[in-house]
Amino acid sequence: MHIKETLSQRIEAAFAQQELAGSAMVQVSSRPEHGDYQANGVMSAAKRAGKNPRDLAGYLLEKLSIADIASSVEVAGPGFLNIRLAPAYLATVNAAQIDQAATSQTVVVDYSAPNLAKEMHVGHLRSTIIGDCMARVLEAQGHQVIRQNHVGDWGTQFGMLVTYLNDSGASSQTLADLESFYRQSKTQFDQDQDFANRSRQAVVALQAGDPDTREAWAHFIDISMSHCQSIYQRLNVTLTPEHTQGESTYNHDLPAVIEDLEAQGLLVVSDGAQCVFLSQFKTKKGEILPVIVQKSDGGYLYATTDLAAIRYRTGTLNADRILYFTDARQALHFKQIFAVSAEAGFNRSSAQLEHMPFGAMLGADGKPFKTRAGSVVKLTELLDEAELRAAQLIKEKNSQLDPQEIQTLSRIIGIGAVKYADLSKNRTSDYLFDWDQMISFEGNTAPYLQYAYTRIQSVFTKGGIDAEALPKQTVAVDEPERLLAVSIAAFNDTLRAVSTEGYPHLLCNYLYVLATQFTRFYELCPILSSAGEIRERRLVLAHQTGCTLKAGLALLGIDVPNRM
RNA sequence: GCGCCUGUAGCUCAACUGGAUAGAGCAUCGCCCUUCUAAGGCGAGGGUUGAAGGUUCGAGUCCUUCCAGGCGUACCA
C-alpha cells in the first residue's frame with residue numbers, strides 16, 4: 001500500500017480536469033488536527049495558473065474522486081487539502097508486507113570494505129551497517145542486490161606483513177591478534193633495514209605473481225577475513241565471503257584501464273604521473289586538478305582500482321545502480337571517478353552511480369571516537385562493551401531471567417542499540433557516540449522498539465491467543481485504533497523513500513512513531529479485558545503492529561526478543 | 001587560497017527536500033502501577049533555527065555576504 005502515491009494520483013487527476021499541471025505534493029500532516037495527510041500542491045499549481053488558490057482548491061474538491069479512501073477532505077489555510085483516511089481503506093492494508101518495485105533493478109551495494117592489514121575498528125561500523133540495511137531494503141523490494149565488499153587486500157603494507165609472517169612462522173596462532181601483529185611488523189619495518197628491504201621485494205614479488213609470496217599473502221588474507229566474518233556474524237550483517245571482491249581482484253585489469261584511457265587520448269603525463277584532466281575539476285583560477293591513475297613509479301592508485309571496479313560492475317555484473325557507502329571525505333574522489341568513467345565510457349550498462357557519504361563517529365568530546373589511551377576502538381571491544389552494559393541493565397530491570405536468557409538478550413539488545421544509534425541518525429552528518437545516552441534505552445532507541453514488541457507478544461502469551469488464527473485485517477473504530485492503523489499503513493511509503501534516498505534513519509523514525517502510536521493505543525484501549533469485536537480488532541491491530549515492528553527492525557538488521 | 005559539508009531547546013537528534021503554531025528523547029519540575037511488562041504514559045517549562053540581507057502568498061530548507069567548526073585539495077585509501 002502506497003498512500004502518498006494513491007492520494008497523489010487522485011488529486012492530480014482532479015488537477016488535470018482543471019487543466020492544471022504539477023505535483024499534488026502529498027505528505028503526512030504536520031499536525032494531527034490537520035488530518036492524516038495533506039496536499040500542498042494546490043497553492044503552487046494555482047500560482048502557475050494565475051488563480052486564487054483557495055477558490056481553486058474548492059473547485060478541485062468537487063472534481064475529486066476519493067471517497068473510497070478518505071473520510072474527509074477539507075480546504076484549509078491558504079489552500080491546503082487536509083485528508084483524513086477512511087477506516088475501510090486502512091483496513092485493506094497487508095501489514096508488514098513489502099511491496100515489490102515496479103521494475104526490478106540490479107543494484108550493486110559497495111559497503112564495509114575494511115583494510116585487511118588491520119583489525120576492524122569503529123571506523124568501519126557506519127559503512128557496514130548502513131550499507132547492510134540498504135542491501136536488505138532493496139532486496140526486500142525485489143531488486144537484485146549484489147553485495148560487494150571491496151576490502152583492502154593489496155598494496156605496499158602487505159609486503160611487510162607477508163614478510164613478517166614468513167619470518168615468524170605462518171601459523172594461525174600468530175595472527176590471532178591481528179592488531180598487535182601489525183604493530184610488531186611495523187616496528188620491525190622501521191627498525192630493521194634488512195627486513196624493510198625484503199618487505200619491499202615481497203611487494204614486487206606479490207605483484208609479479210610469485211607463487212610462494214602469493215601463497216603467504218593468501219594465507220594472511222584468509223585469516224584476516226575470518227576475523228571480519230566473525231564480526232559480521234556478531235553484528236548480524238549479511239556479508240559472507242562470497243561478497244568479498246577485494247582490490248586485488250582488479251589487479252589484472254589495471255594496465256588495461258590505463259591503456260583504454262591512453263587510447264582515448266585522456267591521459268596526460270604530469271610530473272611523471274599518468275593523469276586525467278577534466279575541465280569540471282578546474283578551480284576558479286583555472287588551476288588544474290588531475291585525477292592521477294598511475295604513479296610516476298608505475299604503481300596504481302585507488303582511483304585506478306575504482307575505475308576497474310566500475311568496468312566490472314557495469315560490464316560483467318550489468319548493474320543498473322551502484323551505491324557506494326564510504327565516508328564523506330571521499331566525496332571528491334568519487335566525483336572524479338564517476339566523471340572519468342563517463343568520459344572514458346567505462347560505465348558500460350549506464351548504471352546510476354551514487355556515492356552515499358556518511359559523517360564521522362565522534363566521541364563525547366566532539367573529537368574522533370578513540371579509547372582513553374587515544375587509540376582506535378576495535379569493533380570487538382565495542383561490541384563486548386555494548387553487551388556488557390546491556391546485561392547489567394537487563395539484570396536491573398528483570399531479575400527473574402536465567403543466565404542463559406540474559407546472555408541472549410544482551411546480545412540482541414546491546415548490539416541492536418549500537419546499530420540503531422547509528423542508523424537512526426541522518427547519514428550525512430557526523431554523530432556523537434555516547435555510551436550513556438545510547439544505553440539509557442529510552443526514547444528513540446532500539447530497546448524502546450524491542451520493548452514495544454515484547455509487550456505485544458506478552459498480550460498474546462497472556463491471553464493464550466494464536467495470532468496467526470486471527471483475521472489479517474480489521475476496521476479501526478476508536479481514534480487511537482485509527483491513528484495506529486494510519487501508522488501501520490505507511491510502512492511501504494517509508495521503505496520507498498529509504499531505497500531511493502539511501503537514508504535508513506527514515507525507517508527508524510517511522511518505527512519510532514509506530515511504536516509510540518502503539519503505546520498510546522496500548523494505554524488507552526484495553527485489549528484482553530475487552531470482549532467480542534472490540535477485543536478481536538484490537539488484537540488484530542496489535543498483531544499488525546508487532547509484525548511491522550519485527551519486519552522493520554529486520555530490515556535494519558536488528559533482532560527482536562519475545563520478552564525482556 | 002579554492003572546494004565540499006555542518007551550524008536547530010542546556011545536551012543528543014528530527015523536521016518527508018518551499019508549507020500551517022519548528023517536533024522528539026535526555027536533563028529539570030508535576031502527575032499516573034490492586035487493570036494486557038513503568039525500558040512505559042500524561043502534562044509543564046525550555047527556540048530571534050550561527051548573523052545580516054534577498055527571492056514570494058509562505059524560508060530551518062533556496063540565493064548573496066559574513067561568522068564558527070569539520071573535511072578535502074598531484075602520485076595513501
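Between the base of B:A77 and the side chain of A:Tyr302 there is a donor-acceptor pair shorter than 3.5 Å.
The CE atom of A:Met564 lies 7.5 Å from the CG atom of A:Leu409; values are rounded to the nearest 0.5 Å.
Between B:U56 and B:A15, the two P atoms lie 28 Å apart (nearest whole Å). Rounded to a whole angstrom, the distance from the C1' atom of B:U64 to that of B:A59 is 15 Å. Comparing the C1' positions of B:U8 and B:C13 gives an interatomic distance of 10 Å, to the nearest angstrom. If you take atom P in B:U73 and the same atom in B:C11, they sit 32 Å apart, rounded to whole Å. When the C1' atom is compared between B:G46 and B:A9, the two are found 6 Å apart, to the nearest whole Å. Comparing B:G25 with B:C33, their C1' atoms are spaced 23 Å from each other, to the whole Å.
Both distances falling under 3.5 Å, in either a Watson-Crick or a G-U wobble arrangement, occur for no nucleotide opposite B:G46. Under the Watson-Crick and G-U wobble criteria, each requiring two contacts below 3.5 Å, nucleotide B:C26 is paired to B:G10. Across all strands shown, B:U55 forms no Watson-Crick or G-U wobble pair with both key distances under 3.5 Å. Nucleotide B:U34 has no partner under the Watson-Crick or G-U criteria, as no pair reaches both atom distances under 3.5 Å.
Glycosidic torsion of B:U64 falls outside 90° of 0, placing the base in anti. Taking the O4'-C1'-N9-C4 or O4'-C1'-N1-C2 dihedral as appropriate, B:C33 has a value within 90° of 0 and is therefore syn.
Salt bridge annotation for A:Lys186-A:Asp190: present, with a cationic side-chain nitrogen under 4.0 angstrom from a carboxylate oxygen. Ion pairing of A:Arg496 with A:Asp99 is absent here, as no side-chain N (NZ or NE/NH1/NH2) approaches a carboxylate O to less than 4.0 Å. Using a 4.0 Å cut-off between charged side-chain N and carboxylate O, A:Asp559 and A:Lys550 make no salt bridge. Using a 4.0 Å cut-off between charged side-chain N and carboxylate O, A:Asp422 and A:Arg126 make a salt bridge.
Across all strands shown, A:Thr516 has no heavy atoms under 4.0 Å from either base or sugar-phosphate atoms. Using a 4.0 Å heavy-atom criterion, one finds that A:Arg520 contacts the sugar-phosphate atoms exclusively. Within the 4.0 angstrom heavy-atom criterion, base atoms lie near A:Leu393. Contacts of A:Thr494 with the nucleic acid, taken as non-hydrogen atoms under 4.0 Å apart, are absent. Residue-level contact check: A:Cys508 touches neither bases nor backbone, having no heavy atom under 4.0 Å from any strand. Among the heavy atoms of the strands lying under 4.0 Å from A:Leu528 is at least one base atom, whether or not backbone atoms are also near.
Environment of CD in A:Glu479: crowded, with over 12 heavy atoms of neighbouring residues, nucleotides or ligands closer than 6.0 Å.
Applying the 4.0 Å criterion to OP1 and OP2 of B:G41, one finds that A:Tyr448 has a side-chain N or O inside that range. The side chain of A:Ser529 contributes no N or O atom lying less than 4.0 Å from OP1 or OP2 of B:U35.
Centroid-to-centroid, the aromatic rings of A:Phe325 and A:Phe358 stay 6.0 Å apart or farther.
Closest approach to the A:Tyr522 side chain among B:A39, B:G72, B:U37 is made by B:U37 (side chain taken as heavy atoms from C-beta onward).
Judged by the 6.0 Å distance and 45° axis criteria, A:Lys118 is positioned over the aromatic ring of A:Tyr182.
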Reading nucleotides 13-25 of chain B from 5' to 3' and marking B where a protein heavy atom lies under 4.0 Å of the base, S where only the sugar-phosphate is that close, and - otherwise, the string is SSSBB-BBB-SSS
